[in-house]
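Contents: one structure, followed by commentary.
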Amino acid sequence: MRWAAAALALFLAGLAAQFLGGPGWLWWPLYLACYVTGGWEPGLAGLKALRNKTLDVDLLMVVAAIGAAAIGQVMDGGLLIVIFATSGALEALATARTEDSVRGLLDLAPDTATRLTDGGTEETVQAIDLEVGDVVLVRPGERIAADGVVVAGASEVDQATITGEPLPVDKTAGDEVFAGTLNGTGSVRVRVDRRAADSVVARIATLVEEASRTKAKAQLFIEKVEQRYSVGMVIVTIAVFVLPLLWGAALQDSLLRAMTFMIVASPCAVVLATMPPLLAAIANAGRHGVLVKSAVVMEQLGTTTQVAFDKTGTLTRGTPELAAIHPLPAAPFAEHDLLRLAAAAEHPSEHPLAAAIVRAARTRGLDLPTVDEFSSQPGRGVSALVEDHYLEVGSPAVMPTSSDSTAEAAVKDLQDRGMTAVVVLCEQRPVGVLGITDQVRPEAAPTVAAITRLTGRTPVVLTGDNHVTAAQLAAQVGIADVRAGLLPEDKVTAVRELQARGGRVAVVGDGINDAPALAAAHTGIAMGGAGSDLALQTADAVVVRDDLTTIPAVIALSRRARRVVTANLIIAAIFITGLVLWDLIGTLPLPLGVAGHEGSTVIVGLNGLRLLRTAAWNRTRT
């Protein structure tokens with residue numbers, strides 16, 4: 001990055017000095033210094049490739065830049081050097097950051113654990129030394145050290161890092177827990193079922209690394225033909241120089257013709273036909289809140305034929321909200337009184353569901369009375385004395401077995417609608433049921449419709465949440481294909497299945513559990529607002545402002561950029577073919593060859609820069 005930044009700074013300094021009328025002795029050294037700082041690394045890589053009997057386009061670009069300087073076009077050569085140095089540096093930076101994030105993922109699981117011995121005593125051990133069958137004690141607020149099963153105690157566990165579920169999950173004896181997830185207010189004992197190296201969080205890191213390695217190295221169109229074109233150009237240049245000499249031509253004439261051929265046949269115009277439209281599209285997308293990490297990614301986005309969405313934090317905001325209030329028929333409370341009392345009882349609690357209930361009461365302008373005798377029971381709920389009423393607010397498990405069928409029917413109705421049911425008891429009698437759900441992003445449904453029109457396929461949902469909740473959400477936004485209850489490796493399998501059907505899959509997600517699927521997809525898109533570091537670094541593009549409508553917009557912009565690239569390649573090919581034939585069949589003057597070559601680069605460059613206009617983005621949103 002430092003060498004690329006230095007090359008760019010020197011190029012801009014030389015450009016300023018040249019266009020401000022400075023003397024040649026000032027701006028020539030600046031351009032030459034740009035050649036050295038930006039060109040030594042691709043040049044060295046090209047020489048190493050040449051030693052392995054392959055001709056790298058980077059070396060060809062360095063040679064072309066040197067050739068441009070030799071005929072006085074030092075600024076054009078500097079521009080090529082800067083483009084290649086910058087793109088190579090950005091690729092290296094992205095790779096390094098992804099590797100750092102993968103290593104950081106393993107820090108989710110604690111380094112130590114409290115193991116219970118056969119005699120009932122406690123000992124602190126390294127988490128990596130835990131064996132299958134060991135029993136560990138997990139206190140409130142601690143992270144769980146190993147995958148296993150709860151054998152005693154009860155608590156709620158935030159396992160969003162693994163499954164993406166927006167709400168903590170109640171855990172009692174017999175329930176599975178995962179390393180790296182956060183224990184809530186209760187204390188539990190967990191029997192270890194998997195060693196640290198085999199835990200789900202370790203497998204996530206492995207999946208990201210494997211997907212990044214096995215994912216075919218994406219290339220721009222010109223890079224796919226660089227080897228043949230480069231070899232062919234070198235062979236023909238040598239032939240243009242040698243054959244006339246064999247037929248008795250003068251050395252100077254043959255050298256001049258060969259140099260002219262090398263200039264007019266060099267792929268500078270083709271490279272500039274490809275890069276400016278894609279870079280302009282990247283800049284335009286960036287202004288509208290989408291960070292596309294490279295020109296390769298911008299080109300690939302336009303090939304998308306299938307989009308897969310994560311649910312929590314992507315189609316939804318990942319924040320629970322109160323969606324339904326059902327006072328039971330025989331209850332002495334109206335709807336607003338039920339909410340006011342329940343919110344007062346929940347106010348001292350730190351549980352996310354409690355926060356949603358309190359927030360709803362505050363939004364409605366309700367004053368919360370004072371609370372006495374508050375207590376919290378992990379996995380069940382809270383109890384408190386509010387205005388001389390003994391209230392219990394919690395999961396349906398708090399309902400007495402003698403409860404009437406009306407309360408049970410209300411709970412079942414809310415659960416069938418994909419909500420989390422919270423029961424309110426007064427003096428140990430059910431008086432109401434509250435329904436809590438995740439907030440659907442208002443732009444989710446229009447985005448799904450726009451993507452369906454754009455790709456011809458309805459998106460799919462890949463989520464670790466339960467099927468009922470996921471299906472309800474999908475129905476709201478217009479998605480029929482729902483794959484729920486997925487662990488991170490299951491999401492990768494689902495992406496592979498979609499790809500096996502011929503789809504060019506773009507995955508949109510935000511969490512650590514989405515990172516392997518983001519890496520495995522043709523294009524990974526992360527939500528930037530609350531996205532995990534691993535997801536942001538693994539993804540190829542980031543929706544900075546969490547505006548889902550920018551996803552179909554950037555795909556459409558990419559398709560337009562690809563059309564501009566195709567048009568530019570046709571223009572460049574016409575110029576190159578015409579000038580090459582002129583040089584081979586007739587006598588093309590070197591100044592005219594340079595003018596034609598530079599003219600083609602200017603034309604394709606200006607054509608590509610049209611994508612910088614705001615209208616180019618706005619057109620994709622209509």
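Each of Asp510, Asp465, Asp514 was checked for a salt bridge (Lys or Arg N to Asp or Glu O under 4.0 Å) with Lys311, and the lone residue meeting it is Asp465.
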Requested in this report: Apply side-chain contact (heavy atoms from CB on, under 4.5 Å) to the pair Thr37 and Arg2, showing each step before the final yes or no.
Outcome: CA-CA 9 Å; Thr37 54; Arg2 294 190 184 95; over 6 Å; no
### Query
Where do Val477 and Arg441 land on the side-chain contact (heavy atoms from CB on, under 4.5 Å) test, with the steps shown first?
CA-CA 9 Å; Val477 301; Arg441 295 184 186 274; over 6 Å; no
Pair Gln306, Ile451 - check side-chain contact (heavy atoms from CB on, under 4.5 Å), show working. CA-CA 9 Å; Gln306 178 75 70; Ile451 289 175; over 6 Å; no
Step by step, work out the salt bridge (Lys or Arg N to Asp or Glu O under 4.0 Å) result for Arg559 and Glu299. CA-CA 8 Å; Arg559 292 187 176 187; Glu299 184 186 49; over 6 Å; no
| request: Let me see the working for Val542 and Val290 under side-chain contact (heavy atoms from CB on, under 4.5 Å), right down to the final yes or no. | output: CA-CA 6 Å; Val542 178; Val290 182; over 6 Å; no
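For the pair His522 (side chain) and Val505 (backbone), a donor-acceptor distance under 3.5 Å is present. Between the side chain of Thr577 and the main chain of Ile574, no donor-acceptor pair closer than 3.5 Å is present. No donor-acceptor distance shorter than 3.5 angstrom exists from the side chain of Arg545 to the backbone of Thr550, with no hydrogens or angles considered. In this structure a side-chain-to-backbone donor-acceptor pair under 3.5 Å is missing from Glu321 to Val440. Formation of a donor-acceptor pair under 3.5 Å by the Ser558 side chain with backbone atoms of Gly302 is found in this model. Side-chain atoms of Arg504 never come within 3.5 Å of backbone atoms of Gln300 as a donor-acceptor pair (strictly under, hydrogens ignored). When atom types are taken as modelled, the side chain of Asp481 and the backbone of Thr458 share no donor-acceptor pair closer than 3.5 angstrom. No donor-acceptor distance shorter than 3.5 angstrom exists from the side chain of Tyr31 to the backbone of Leu10, with no hydrogens or angles considered. No donor-acceptor distance shorter than 3.5 angstrom exists from the side chain of Arg610 to the backbone of Val564, with no hydrogens or angles considered.
Rounding to the nearest 0.5 angstrom, the gap separating the OG1 atom in Thr463 from the NZ atom in Lys491 is 5.5 Å. Here Trp27 contributes atom CH2 and Phe11 contributes atom CZ; the two are 12.0 Å apart, rounded to the nearest 0.5 Å. Leu315 CG to Leu548 CG: the interatomic distance, rounded to the nearest 0.5 Å, is 6.5 Å. Here Leu557 contributes atom CG and Leu278 contributes atom CG; the two are 9.5 Å apart, rounded to the nearest 0.5 Å. Atom CG of Asn284 sits about 9.5 Å away from atom CZ of Arg560, to the nearest 0.5 Å.
Between Thr316 and Leu473, the closest side-chain pair of non-hydrogen atoms falls below 4.5 Å. With contacts defined as side-chain heavy-atom distances shorter than 4.5 Å, the pair Thr447/Phe309 qualifies. Considering only heavy atoms from C-beta on, Trp617 stays 4.5 Å or farther from Leu611 through its side chain. Here the side chains of Ile551 and Val543 are in contact, with some heavy-atom distance below 4.5 Å. Contact annotation: the side chain of Thr304 never approaches that of Leu454 to less than 4.5 Å [non-hydrogen atoms, C-beta and beyond]. The shortest side-chain heavy-atom distance between Pro277 and Asn607 does not fall under the 4.5 Å cut-off. Under the 4.5 Å side-chain criterion, counting only non-hydrogen atoms from C-beta, Pro320 is not in contact with Thr437. Side-chain contact between Arg457 and Leu498: absent, with no pair of heavy atoms (C-beta onward) separated by less than 4.5 Å.
Pairing each heavy atom of Gly478 with each of Val448, the nearest pair is O-CG1, 3.9 Å. In terms of heavy atoms, Ala445 sits closest to Gln476 at CB-O, 4.2 Å. Heavy atoms only, all atoms of each residue included: Ala7 and Cys34 are closest at O-SG, 3.4 Å. Nearest heavy atom pair, residue Ala474 against residue Val482, reads CB-CG2, 3.3 Å. Closest heavy-atom contact between Ile555 and Leu301: CG2-O, 3.6 Å. Between Pro459 and Ile479 the shortest heavy-atom distance is O-CG2, 3.2 Å.
The pair Arg483-Asp490 does not meet the salt-bridge criterion, since no charged nitrogen lies less than 4.0 angstrom from a carboxylate oxygen. Salt-bridge annotation for Asp438 and Arg317: absent, with no side-chain N of the basic residue lying under 4.0 Å from a carboxylate O of the acidic one. Under the 4.0 Å criterion applied to side-chain N and carboxylate O atoms, Lys293 and Asp540 are not assigned as salt-bridge partners.
Remark: the Thr549 side chain and the Asp547 side chain contain an N/O donor-acceptor pair separated by less than 3.5 Å.
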